[in-house]
*Asks:* 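Shown below is the structure under consideration.
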Number of protein chains: 2
Amino acid sequence: MSIETDIKQKKFRSAYQRLALNLIYTSNWLEYKQLEFFKEYDITSQQYNVLRILRGQQLNPIKVSDITERMLDKNSNTSRLVDKLLAKNLAKRSSCPNDRRAVDVLITEEGLKLLEELDPHVDEWENRFNVISIEEADQINAMLDKLREADH
Amino acid sequence: MSIETDIKQKKFRSAYQRLALNLIYTSNWLEYKQLEFFKEYDITSQQYNVLRILRGQQLNPIKVSDITERMLDKNSNTSRLVDKLLAKNLAKRSSCPNDRRAVDVLITEEGLKLLEELDPHVDEWENRFNVISIEEADQINAMLDKLREADH
DNA sequence: ATACATTTAATGTTATAACATCTATTCATA
DNA sequence: TATGAATAGATGTTATAACATTAAATGTAT
């Protein structure tokens with residue numbers, strides 16, 4: 001369904017205005033879909049994101065501030081996000097030996113198991129993107145990067 | 001800056017996964033920019049969105065449920081959003097004559113003035129999108145619509 | 001006309017986001 | 001090495017999002 005129909009707006013001032021609204025609308029849609037999806041596994045997409053980052057570290061511990069750097073939402077309160085994972089035994093914390101201000105975070109066996117359980121479903125979930133070709137996806141990616149580039 | 005650099009991820013499983021992350025990341029970036037922008041005028045982008053919808057009504061009153069339909073975030077609590085506008089004298093409420101359950105919302109003179117003050121700045125703000133061509137913007141728009149189409 | 005379902009908006013509650021502040025540690029430099 | 005700035009993370013506060021419930025009005029079917 002076109003963004004025009006979705007938000008019942010017949011015309012836009014420009015293709016750029018439509019794009020801005022469409023980006024936010026589509027991202028909201030995507031986040032809502034993810035919310036629904038992850039709800040079954042009792043985690044949020046943010047928590048999943050952190051788990052993926054932790055697994056990506058190849059089991060090396062990673063500092064809280066490094067997690068933040070890798071997150072989609074840089075303003076997110078990583079400290080409290082890690083708390084949630086800790087409470088669910090999906091991650092563990094230990095103080096960092098070379099910098100006593102920092103805190104090392106590591107994924108647990110249970111966290112790894114959850115990700116492994118999720119992997120096939122996430123793959124399947126991403127199949128919805130197949131309606132556009134890889135070339136098209138690459139194209140959008142490049143243009144989105146370009147958009148943010150103009151940030152000065 | 002590429003999404004790879006922004007979230008410090010060297011490789012993605014697929015162009016689709018990169019697209020999903022890029023969409024959410026770019027939308028977060030956009031929403032943050034809007035937040036910063038509207039902060040000067042002491043409104044949120046959601047409140048601005050509602051004001052635009054109200055003005056779009058050509059001064060005809062519109063029901064709360066109709067506002068919700070036109071919003072980017074369909075889950076938003078429109079009732080309380082309208083409360084905020086009311087408190088700032090940017091909108092007014094009156095009960096709907098033909099359906100006493102419904103509530104008519106109308107933009108005030110003050111609301112219209114605020115929008116008029118904002119208009120040129122919003123236009124200027126949207127200029128950042130000029131880094132891509134209108135054709136490119138249309139292309140992304142079409143592909144985003146197509147993405148959501150696959151929602152079943 | 002009555003009973004029951006549906007619609008509309010408001011409100012209550014809980015979780016999270018946004019933002020500021022605080023404490024401990026480390027860094028820089030005089 | 002003593003001092004102030006900078007950094008890391010935790011925590012407090014306020015606003016908003018997410019979700020459920022409620023109350024009033026309307027629609028529907030018998």
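Since we're looking at a predicted model, the values are computed, not measured. Throughout, a chain's letter reflects where its sequence line sits, starting with A, and its residues are numbered from 1.
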*Asks:* Measure from the side-chain N and O atoms of T108(A) to the backbone N and O of L90(A), and report whether any donor-acceptor pair falls under 3.5 Å.
*Replies:*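 Pair found, side chain donor or acceptor close to backbone of L90(A).
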*Asks:* Would you mind telling me which of dT16(D), dA10(D), dC19(D) lies closest to the side-chain atoms of V103(A)?
*Replies:*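 Side chain of V103(A) sits closest to dA10(D).
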*Asks:* Grab the CD1-C1' distance between I43(B) and dA15(D) for me, whole Å please.
*Replies:*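 That distance rounds to 16 Å.
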*Asks:* With a 3.5 Å cut-off and heavy atoms only, can you find an N or O donor on one side and an acceptor on the other between the side chain of R100(B) and the base of dG27(D)?
*Replies:*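 Flag unset: no donor-acceptor pair detected.
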*Asks:* Report yes if at least one side-chain N or O of K39(A) is closer than 4.0 Å to OP1 or OP2 of dC19(D); otherwise report no.
*Replies:*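 Yes.
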*Asks:* Can you tell me if E36(B) has over 12 outside heavy atoms packed within less than 6.0 Å of its CD?
*Replies:*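 Yes, because the 6.0 Å sphere around CD of E36(B) holds more than 12 heavy atoms from other groups.
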*Asks:* Main chain of S45(B), side chain of N49(B): is a donor-acceptor contact present, judged purely on distance under 3.5 Å?
*Replies:*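 Answer holds: no.
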*Asks:* Between V64(A) and N77(B), who's closer to the 5' end of DNA chain D by nearest nucleotide?
*Replies:*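 First, find each residue's nearest nucleotide; the 5'-ward one identifies V64(A).
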*Asks:* State whether R93(A) places a side-chain N or O below 4.0 Å from either non-bridging phosphate oxygen (OP1 or OP2) of dA8(D).
*Replies:*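 So the side-chain polar atoms of R93(A) never come under 4.0 Å of the phosphate oxygens OP1 or OP2 of dA8(D).
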*Asks:* If each of S79(A) and L35(A) is mapped to the nucleotide of DNA chain D with the nearest heavy atom, which maps nearer the 5' terminus, i.e. the 5' end?
*Replies:*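 Nearer the 5' end of the strand: S79(A).
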*Asks:* Would you indicate what T78(B) reaches in the nucleic acid, counting non-hydrogen atoms under 4.0 angstrom: base, sugar-phosphate, or nothing?
*Replies:*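 It contacts nothing in the nucleic acid.
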*Asks:* Does N98(A) or R80(A) map to a spot on DNA chain C nearer the 5' end, using the closest nucleotide for each?
*Replies:*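 Upstream on the strand: R80(A).
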*Asks:* Under a 3.5 Å threshold, yes or no: a donor from one side chain and an acceptor from the other, between K84(B) and Q46(B)?
*Replies:*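 Looking only at side-chain atoms, Q46(B) and K84(B) do not form any donor-acceptor pair under 3.5 Å.
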*Asks:* Send over the distance from D73(B) CG to dA17(D) C1', rounded to a whole Å.
*Replies:*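 Checked: the CG to C1' distance equals 8 Å.
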*Asks:* Could you list, one pair per line, each protein nitrogen or oxygen that sits under 3.5 Å from a nitrogen or oxygen of nucleotides 2-7 of chain C, together with the distance?
*Replies:*
unit_1	atom_1	unit_2	atom_2	d
dT7(C)	O2	R101(B)	NH1	2.9

*Asks:* Okay, side chain of E136(A), backbone of I132(A): is any donor-acceptor separation there less than 3.5 Å?
*Replies:*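 No, because the side chain of E136(A) does not come within donor-acceptor range (under 3.5 Å) of the backbone of I132(A).
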*Asks:* Any side-chain N or O of T44(B) less than 4.0 Å from the OP1 or OP2 oxygen of dT16(D)?
*Replies:*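 So the side-chain polar atoms of T44(B) never come under 4.0 Å of the phosphate oxygens OP1 or OP2 of dT16(D).
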*Asks:* Send over the distance from D83(B) CG to dA10(C) P, rounded to a whole Å.
*Replies:*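 To the nearest whole Å, that distance equals 7 Å.
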*Asks:* The side chain of A102(A) is closest to which nucleotide in this list: dT16(D), dC19(C), dG9(D)?
*Replies:*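 Comparing dT16(D), dC19(C), dG9(D) against the side chain of A102(A), the answer is dG9(D).
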*Asks:* Could you check how far OH of Y48(B) sits from P of dT16(D), rounded to whole Å?
*Replies:*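 From Y48(B) OH to dT16(D) P: 19 Å.
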*Asks:* Checking side-chain polar atoms at under 3.5 Å, does N28(A) have a donor or acceptor matched by the opposite partner on D73(B)?
*Replies:*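 There is no such pair (donor and acceptor under 3.5 Å, judged by atom type) between the side chains of N28(A) and D73(B).
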*Asks:* Can you measure L81(A) atom CG to dT11(D) atom C1' for me and round it to whole angstrom units?
*Replies:*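 So the two atoms are 15 Å apart, to the nearest Å.
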*Asks:* Expressed in angstrom and rounded to an integer, what is the separation of Y32(A) atom OH from dT16(C) atom P?
*Replies:*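 Rounded to the whole Å, the gap is 16 Å.
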*Asks:* Between the side chains of T26(A) and R148(B), does any donor sit under 3.5 Å from an acceptor?
*Replies:*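 Distance-only check passes for T26(A) and R148(B).
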*Asks:* To the nearest Å, how far apart are D42(A) CG and dT14(C) C1'?
*Replies:*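 It is 15 Å, rounded to the nearest whole Å.
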*Asks:* Evaluate the criterion side-chain contact (heavy atoms from CB on, under 4.5 Å) for residue pair W29(B) and L23(A); output intermediate values, then yes/no.
*Replies:* CA-CA 11 Å; W29(B) 165 84; L23(A) 269 175; over 6 Å; no
*Asks:* Could you check how far CD of Q47(B) sits from P of dA15(D), rounded to whole Å?
*Replies:*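 Rounded to the whole Å, the gap is 12 Å.
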